[in-house]
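Worksheet: one structure, shown below.
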Amino acid sequence: MRLIKQVSGVRCQLIKIGRLFTIHCLLFTGFLLFTVHCSLFTAHADDNPLNIMRDEVLSYFKPLKGRIKSISNGSAVADIGIKADVKKGMRFTVFREGTPFLHPVTKEPIGLLEAVIGKAEVRDVGPDTSAISILKGAAKESDRIRVSETGVRMLFYHRRNVDWSLADSYYRLLKETGRFELIDTALETDSDDEVLAEAKKLNADVVLILSAKGAGGDILLMQRLFWVDNAVRFAESETKVAFALMKEFKFGEEFFGPQKVDTWLYVDLPFGVRLIASGDVDGDGKAEILLSTGKDVRFYMPGGEVSRRYEIKGAAMDDHLWLDVMDINGDGRHEVMLTLMKDEKIISRIYEMKNDKFSVLWEGNVFLRRIGSELIAQAYTAGEGYRGPVFTIIWKDGYKKGGNISLPGDVNIYDFVYINESDGRRLILAYDDAGYLSLYDGGKKIWQSKEDYGGFLTTFRKPAPTVMADMKEKWSVKDRLSLQNREVFVIKRLPFVDMAKGMGYSNSQVRSLWWTGVSMEERTVIENIPGTLLDYSLEGDRLILLDRPSFGIKLQNIFKGENPLGSVLYIYSLKGR
């Protein structure tokens, strides 16, 4: 018995040693992986072009203090210069010292009250002094000047020719400094004036515009800095990014996994909703959220309640298929575009709000949709669905039919989104009927997704040519595809049982696709959304999701004659992502 106990004790010791050895091996392996990963980036830490560009930007916002030595006719001389890291284009806040303030107990003077007098900009720099221009206020000799430590509101805008990984890595570097309050925008343009106008609207102080072009197999990255109030460009720089370093940026993304966004607001809606859109419909400068129940459109303001004040009331037999908003006639208000099916007919209407009431500006028996800054339409045949080419609707003293749009075969009005290349080419990303996505260049397919995205929620059966024929053929209203700064947002639904989508969906995701010019980068933006994600809307730096939780039945809605399937809004902030 004693021998058995001794052997058991030895065995226990061996197990303990083995476990310790295993743990040490795991730790050592993890250390090796971390070391290898760090070495990839540390080797470039000093000459990483993104770090160099970041430091160049930071140099214009380094906290500094000085005084005005002399002043004459709006120009002044400050007592700090190159030795204090002053740079041409820098801006100072001008302060004037006032009366001293005293310690509340000892009554000893512990400082001087200061009043903000104005703003000044560095025009020229010497070793120990700087020539500055007084932009605002009545400054005088001995006033203090300062670059404060408070965060600078910066609109970060990268053009369509900048690779996703590169722009995202640089954005994170700037954000990590803590010096900037970075602002995002849904704007997509190559016009500096439009970017600056957007920055002014978003109350930014500074705009950083990032652009790129090829440079012998590498990338030449260029940045320009503008003051928003007077649209003055005060700095610009460029650097070459080696192709090998680009691979490291992508490796870093894969190592740390997809970046997630934060939930900003959750709203449990008192009724079933199927479609969502957002825009400034009443012209007050704030975006309203439009919610379609399938036959009515109601309005919601974040932080408020669902309102029937601006309701678009429908008929009992209406079946809404698509909801959009767009300022078509340029009056500063978004018109509401609604496509519905009624009595086997397709009807599209454009509504305008005036004096707190909606009126129908236009109606047609076509499918209708907004894509970018264009309004497009397509004809309908009962039972068959889409018919003929997709064409534009233009505003010219009224709504008129424009030209046809060139699309790959079998691509219809709700199937696609444009991706504009820097060389002027317009690529087309489109769903097929099986739920796969394909990318087309001039009609030629250059990429296809490896998996489908879960199928579509609005489908119709086509009539069989004979009684004995198979009736499985369908036509569908596809899920929304939205583009923001070359990033396409896509809904992915996961069924309860694999290969059995008819049983419903256990959860959903929002994914994004980014075409680099060589490959399609895909990442999960939001995962584990419970139930069925119905629709979404992008509004500035907010992603608004419309979701139907699994088994979310509201019995009280049955007695009201409303959709008993409950729905919720999730509003996510994309800011800083």
Side-chain angles (χ1 to χ4, degrees), residues 34 37-62 151-187 195 199 202 204-212 219 221-225 235 237-264 484-487 489 510-516 521-527 540-543 572-577:
F34 179 76
H37 176 69
C38 290
S39 66
L40 284 171
F41 288 92
T42 305
H44 295 275
D46 295 332
D47 58 353
N48 183 339
L50 297 189
N51 288 343
I52 296 169
M53 294 184 76
R54 174 204 60 197
D55 294 344
E56 175 69 13
V57 173
L58 284 171
S59 69
Y60 284 90
F61 302 97
K62 179 181 178 180
V152 179
R153 283 180 61 83
M154 173 187 284
L155 176 64
F156 180 91
Y157 185 82
H158 60 93
R159 290 203 167 154
R160 293 171 291 189
N161 55 15
V162 182
D163 180 86
W164 161 263
S165 302
L166 201 56
D168 193 45
S169 297
Y170 191 40
Y171 183 98
R172 294 186 202 183
L173 278 176
L174 289 170
K175 186 176 179 63
E176 287 167 2
T177 66
R179 192 69 180 93
F180 305 105
E181 181 185 343
L182 293 175
I183 306 169
D184 301 307
T185 176
L187 185 69
V195 176
L202 296 172
D205 301 313
V206 181
V207 170
L208 187 153
I209 298 179
L210 197 66
S211 59
I219 295 172
L221 194 63
M222 297 161 283
Q223 67 177 358
R224 292 175 296 144
L225 293 166
S237 61
E238 61 182 39
T239 188
K240 186 179 288 187
V241 180
F243 181 73
L245 188 59
M246 285 293 299
K247 290 184 176 180
E248 291 183 14
F249 290 135
K250 293 182 185 295
F251 173 79
E253 288 179 6
E254 293 168 1
F255 188 87
F256 292 108
Q259 198 177 14
K260 302 300 186 296
V261 297
D262 298 322
T263 309
W264 180 56
Q484 186 183 79
N485 297 331
R486 286 182 60 82
E487 184 179 18
F489 289 84
V510 176
R511 294 187 180 179
S512 73
L513 300 174
W514 184 282
W515 177 247
T516 66
E521 302 289 333
E522 182 172 3
R523 62 175 64 188
T524 301
V525 181
I526 306 169
E527 59 185 0
D541 59 8
R542 291 180 300 166
L543 177 60
Y572 291 86
S573 173
L574 297 175
K575 190 174 181 179
R577 186 172 60 90

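Residue indices begin at 1 and follow the sequence shown.
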- request: Step by step, work out the side chain to side chain contact (heavy atoms under 4.5 Å, CB included) result for D168 and W514.
  value: CA-CA 12 Å; D168 193 45; W514 184 282; over 6 Å; no
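- To the nearest 0.5 angstrom, T239 atom OG1 is 11.5 Å from I219 atom CD1.
- Within the model, atoms OG1 of T185 and CG of L155 stand 6.0 Å from one another, a figure rounded to the nearest 0.5 Å.
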task: Applying side chain to side chain contact (heavy atoms under 4.5 Å, CB included), run through Y170 and H158 and close with a yes or a no.
output: CA-CA 10 Å; Y170 191 40; H158 60 93; over 6 Å; no
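- The distance from atom CG of D205 to atom CD1 of I183, rounded to the nearest 0.5 Å, is 7.5 Å.
- For an aromatic pair to be called close, the ring centres must be under 6.0 Å apart, and F61 with F180 satisfies this.
- In this structure, E238 CD and L221 CG are separated by 9.5 Å, a value rounded to the nearest 0.5 Å.
- Remark: the backbone N or O of M53 is paired with a side-chain donor or acceptor of Q223 at under 3.5 angstrom.
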task: Check the pair E176, L173 against side chain to side chain contact (heavy atoms under 4.5 Å, CB included), reporting the backbone distance first and the verdict last.
output: CA-CA 5 Å; E176 287 167 2; L173 278 176; 4.2 Å; yes
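- Between the side chain of S169 and the backbone N or O of L166, no donor-acceptor pair lies under 3.5 Å.
- Classified by interplanar angle (parallel below 30°, tilted 30° to 60°, perpendicular above 60°), the ring pair F156/Y171 is perpendicular.
- In this structure, CD on E181 lies 8.5 Å from NZ on K175, to the nearest 0.5 angstrom.
- Counting all heavy atoms, side chain and backbone alike, N161 lies closest to S211 at OD1-CA, 3.7 Å.
- The CZ atom of R179 sits 12.5 Å away from atom CG of L174, with the distance rounded to the nearest 0.5 Å.
- Using a 4.5 Å heavy-atom cutoff, the side chains of M154 and V57 are in contact.
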